[in-house]
Each structure stands twice: as structure tokens, then as C-alpha cells.
Amino acid sequence: MISFVQTLSDLLWDALQRAFPDASLPNACLEITLSTQPHFGHYQCNSAMRFSKALGCSPRTIAETWLKALPANTFIAKVDIAGPGFINIWVQADAVTAQLTMMASRERLCLPQALAERIVIDFSSPNIAKQMHVGHLRSTIIGDCLARIFEYLGFDVLRLNHIGDWGTAFGMLIAYLKQHQPDVLSGQQHTDLSHLVNWYRASKKSFDEDADFKQIAQQEVVALQRGERDSLHAWQIICAISKENYQEIYDLLDIRVTDRGESFYNPLLAATVNDLTAKGLVSISDGAKCIFLEGFSNRDGEPLPLMIQKSDGGYNYASTDMAALKHRVEVEHATRILYLTDSGQAQHFAMIFKAADLAGYLKQEGITVRLDHVPFGLVLGPDGKKFKTRSGETEALIDLIQAAIVEADRLLQERGLDLSAEALHHTAHVLGINAIKYADLSNNRIHDYVFSYERMLRFDGNTAAFLMYAYVRIQSLKRRTKVNPSIYLNTPLELLQPAELELGLHLLRFEEILRQISHDLLPNRLCEYLFNLAEKFNAFFRDCRVEGVSEQNARLHLCDITARILKTGMELLGLKVIEKM
Ligand code: ARG
């Protein structure tokens, strides 16, 4: 569907060319925005200002000549010039009704992608033998939301969990477990991640203090890299214990992601380094293999290299990312790759992307692969400092999520809802998790945000509960009227009152918002859209009676489309809806 704004823009552009046939205009893009106030119409076009120089007359004269050339059409009801040359546009209710009816007739509300682009989304990606921290939580929530939006738009999405499951640190841990926890390695004793984290710390201590242990640990790394059976087995046990913990979080948050950790690329590392070397990109610096890239320097202004092989021959984070990128393009045929990590890794990815470009990894069969680092800010505690779970870093993320559920339960009980104990717990569970996700997604991801149960669980303002409640309200209204859905769904829409037309226009923007997110990767746009939708619905409900009036069924139809978009939108954010509350 061509968006409403696009149609308006096409109409106005035609008129402009007709009004000034001989002029060469700066560029074909008109600025058409939603009006900020009802008396400025539905849309506003401020481009007359921009053309003033090129056309050699005042913006007001331009606007007048321009609008005279606007042909009669079925989209625009009225235009008006305000101030020095702002054009205010009122659209025709019939045109909105027609587009809305067409949109509602489609199961998916949006048109599918013409070309099923393959997009890899690298998100979540915790590190084995370490707790997932709030940064991974952000990556998980934002990455999942983007994946849902791309899937909905018809892209072919591959969700990858680039788990940190390889590296020299595993030598220490395996050596330590062999010495102190043999039953864990033999599978006789079950354990969990919190124990593993402690053993990891202890192994690090021994490594730093005990030369004999250090040597054993180093031998263990070599054994692991050679793929010796018992080392490999120990490593698998360590990974399994860690993943059990991550899975618990994914289940709770309803996250789907395919594990493809760093170890997956291990067999490809040597070939990748050779390939980069053969392409003349690699220099040796202090014995290490490095790529020097223009435009990257350290604080002292010295060139900053991307190290792809250490002087001892070992590989690192960057080697793996180079190999992974190559694999994703050549084997997975990705045409776009998103990487979700905190902004702290921006430079790492900028260097990886540049190196990949120089190596020619981004040109595939005439297509240029698009790479996006999708950075996000920190989660802050109430003190404005980097968020730490209550008992410091060891407190598991799962407790943080559970605490939101407990708090939601308390708040719902306080509100004295007419729900069975079971329904109340279910609602609290959904609300707690929705609140955590929404608090994260509704902020522009680039910014830091303050984690507050109190704020995220509010029922008013731009919160999950506000949206959930708006949806419940529509559903109960539909039930209350006892009209069979097949009746109101077959009743033609009518957008008679201003509040109805406002709501209708807003509903039409759904696809435009999703497409915009597919470019700028900002899920907060969808939150804001849904928040405004709920507000516009409330205004409609305040101004237009639904039950027992002659417009009842047409209005129920409008309510139904609103509920559909609210539900779809919330699901794209990874939230769950509740039918009664
Ligand atoms: N494991 C890394 C971390 O915790 C994130 C990995 C992101 N993805 C990537 N391809 N480097 O910081």
C-alpha cells in the first residue's frame, strides 16, 4: 500500500510542476508532516519556504500559485495557507475509509516484501560461564523486537545467538574443574551457572597466583583446541550448564534464537586470516597480525590496528567476527546483518565493517551487503549510576524479571480487580514481563535509561499497562454489545466525527511506521505510535457513543481494527495481550 502521505506528496508534486513548469526545483522530496493542531488540518506542507530562492518569489505567492494548480481529487478535502506560506491539508474522510477498508481486508495488514531479503540478526549473545547481564537483556529485548518486525514485513530472518563460548579462559576453568569438581565433569553432580561463575573466579585466581596451575591451564587450552575428547567433553558440560540458565530467561521472555556461538567459527579462522593476508591487508605489529585502517587512531593519535591474530598464534574476538561475517554472507547469503550490542562496541564493529569492505566481503552477486551495528545505551540504577542488581553483579537476571512479576502482582491486588486468583497471577506474569520489555523499548535505544519498577508498572502514560488496558477496554466493549462479529465486520466503515477521522488516519500509518523502523531500527517509534493510538482511541470513545446508536456497528468495526492493530503492534514489541483485566 502506498502510504497516505505518499499519495498526498505525489498530488502536490504534480501540482507544483504544473504551477512552475520552467523552474528547476531543488529536489523532489516534499516535507509533509502531521499537523500539530487540529485547526492546522490533518497534514502540513512547509516546502514553499524551501523553494522560495529557486523560484524567486515569496513563499506565500508560491503557495497560492501552487494550490491553484492542484486538480480536483478524491484525497484532499480542503487546503489553506497559514502564516508566511505553510500549507494546511484536510483529507477526505471517504479516501481514508477506502484505504482503511482495504488494509483491514488483508490478514497481515501490511503488504509483504516484494523481495524476500535475507537478514541476519546477531543478538543476545551472552558469554559462557558468566551471568547474562542487563546489557544482554537489552540486546535480547531489542533484537527480538526487530526480528519480529522484519519477519512481519516478510523478510527472511535468521536470528543468531553469537555466544562467547570459546577462548583461552576455558582452559583455566576446565583445569580447575578437573582438580576440584570431577563429579560435575563426569555428570554425576548437577550444578548451575552461579556455581560455575564462582569456580571461574577461583580458577582465575589460581591462574594468576600459581605457576603450576597456569601451566596446566595452558596445556588444557591446547588440548581443547586440538579437540581432545575429555577436554571437549568438559567444555560441552560447561556450555550446557550455562545455556540452561540462558534458556530459562528466554523461555520466560518468549525469545527464539538459534545458538551459533564463537566456537562454530573456529574451523574457519585460519582460512579467514590467510584470505585477509593474501589480499594484502595484514601487517605484522609486535608479532601480531593486524589490519591498519584509515581513520582509526587511539587517544594519542597513533594508528589503531584491528588485531586478527595474536603474537602467540591465538585468535580473538575480532578474528571470530571477521570469519562470522564472511560465513554469514557467503554461506547464509545474508544481504543485511544487524549486530546488537551496547555502544561501547561501536568502534570494534566500525573496524570490522571497514575491514570486511576492503576485503571485498560485502559485494555478492552485484548486491552490496548492508551492515548495521545497532548500539544501545546503559541501564541506570535509581542513583543514576550503571545498574547493578541488588546484591551486586552475581544476582541473576532472572531475579530481576521475577521481581517485576511480584511487584505487578502486588499492584494488581491493590487495584482490587474482579479476577480469580489464577487469572490474577497470570495477568501479573504478563504485566511484569511486558513492563520490563516496554520500558526498554519505549526509550530511544541510543540513550541510557533508568530502571524503575515503579515507573514501568504505571497504568498511565507511555507504559505497557496503558496499552494492555486500552486493548482490554475495546475487547470488553465488543463483548458487551453482544453483536456478532460477522455483522459489524461486514458493516461499512464511516468516519463521520473528527475523532473518528483522526483515529482512522492514525490506523493507516501502521505500515509506514514499521517500514521506517526497518530503516532506522528504532523500536521506540512503534511504542510511541501505539501510545498515540490508544490516546486517539480514548478520544474517539469519549466523543462518539458506540452502544445503542445507529452508527453502532460501523463504530464497532472501527474498534475492531483498532484492537487488531494494538494487538499486532504489541506482539511485534514482544508483549503479550490479555483479553480481560
Ligand atoms: N558476547 C559479546 C558480549 O557479551 C557480544 C557478541 C556480539 N556479537 C558479535 N558478533 N560480536 O559482549
Side-chain angles (χ1 to χ4, degrees), residues 119-144 146-147 157-170 173 193 196-197 200 235 238-239 242-243 245-247 249-250 255 257-266 268-269 272 291 306-308 315-332 334 336-357 359 361-362 369-379 386-389 393-394 396-397 445 521:
I119 170 164
V120 167
I121 307 188
D122 174 321
F123 72 106
S124 194
S125 311
N127 302 313
I128 295 292
K130 293 195 186 149
Q131 295 283 4
M132 229 193 222
H133 55 66
V134 283
H136 296 123
L137 182 68
R138 287 209 83 177
S139 174
T140 305
I141 292 172
I142 302 170
D144 174 61
L146 291 175
V157 178
L158 178 60
R159 300 161 167 249
L160 291 183
N161 200 358
H162 193 80
I163 300 177
D165 64 354
W166 201 247
T168 43
F170 286 99
L173 186 54
L193 181 58
L196 209 57
V197 170
Y200 180 76
W235 171 75
I238 294 169
C239 290
S242 311
K243 285 183 186 176
N245 174 277
Y246 309 148
Q247 195 54 45
I249 295 171
Y250 296 146
I255 305 292
V257 62
T258 303
D259 286 350
R260 192 176 287 173
E262 296 186 19
S263 61
F264 176 90
Y265 304 99
N266 193 41
L268 311 175
L269 298 176
T272 306
I291 305 180
L306 178 72
M307 193 201 290
I308 51 163
Y315 298 102
N316 61 10
Y317 191 51
S319 341
T320 308
D321 261 326
M322 287 308 292
L325 198 156
K326 195 165 181 282
H327 182 269
R328 288 164 184 183
V329 174
E330 288 173 2
V331 181
E332 293 294 351
R336 190 169 175 190
I337 310 176
L338 311 184
Y339 297 83
L340 285 107
T341 76
D342 62 48
S343 334
Q345 297 195 32
Q347 189 175 58
H348 165 78
F349 286 109
M351 294 178 92
I352 295 283
F353 296 173
K354 181 131 195 218
D357 188 22
Y361 294 166
L362 307 184
V369 178
R370 175 171 169 184
L371 303 173
D372 288 285
H373 176 224
V374 189
F376 46 80
L378 299 174
V379 182
K386 196 170 166 173
F387 187 85
K388 286 241 167 67
T389 42
E393 43 190 323
T394 50
L397 210 49
R445 61 174 163 74
L521 312 169

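Whatever order the structure lists them in is the order used to number ligands and atoms, beginning at 1. All of these numbers come straight from a predicted model, not from anything done at the bench.
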Completion exercise
Applying ring-ring contact (aromatic ring centres under 6.0 Å, His included) to Tyr315 and not counting sequence neighbours gives none
Handout entry: Test: Asp122 and Arg328 ion pair at under 4.0 Å
Key = yes
Handout entry: Short side-chain donor-acceptor distance under 3.5 Å, Ser319 and Asn316
Key = yes
Write down the atom of [X], the atom of [Y], and the distance for their closest heavy-atom approach.
X	Y	answer
His373	Tyr339	CD2-O, 3.4 Å
Leu146	Ile121	C-CD1, 4.1 Å
Tyr250	Met132	OH-CE, 3.3 Å

Practice task
Tell me the residues surrounding ligand 1, counting only those with a heavy atom closer than 4.0 angstrom, sorted by chain and number.
Solution key: Asp122, Ser125, Asn127, His136, His162, Tyr317, Asp321, Tyr339, Thr341, Gln345, Phe349
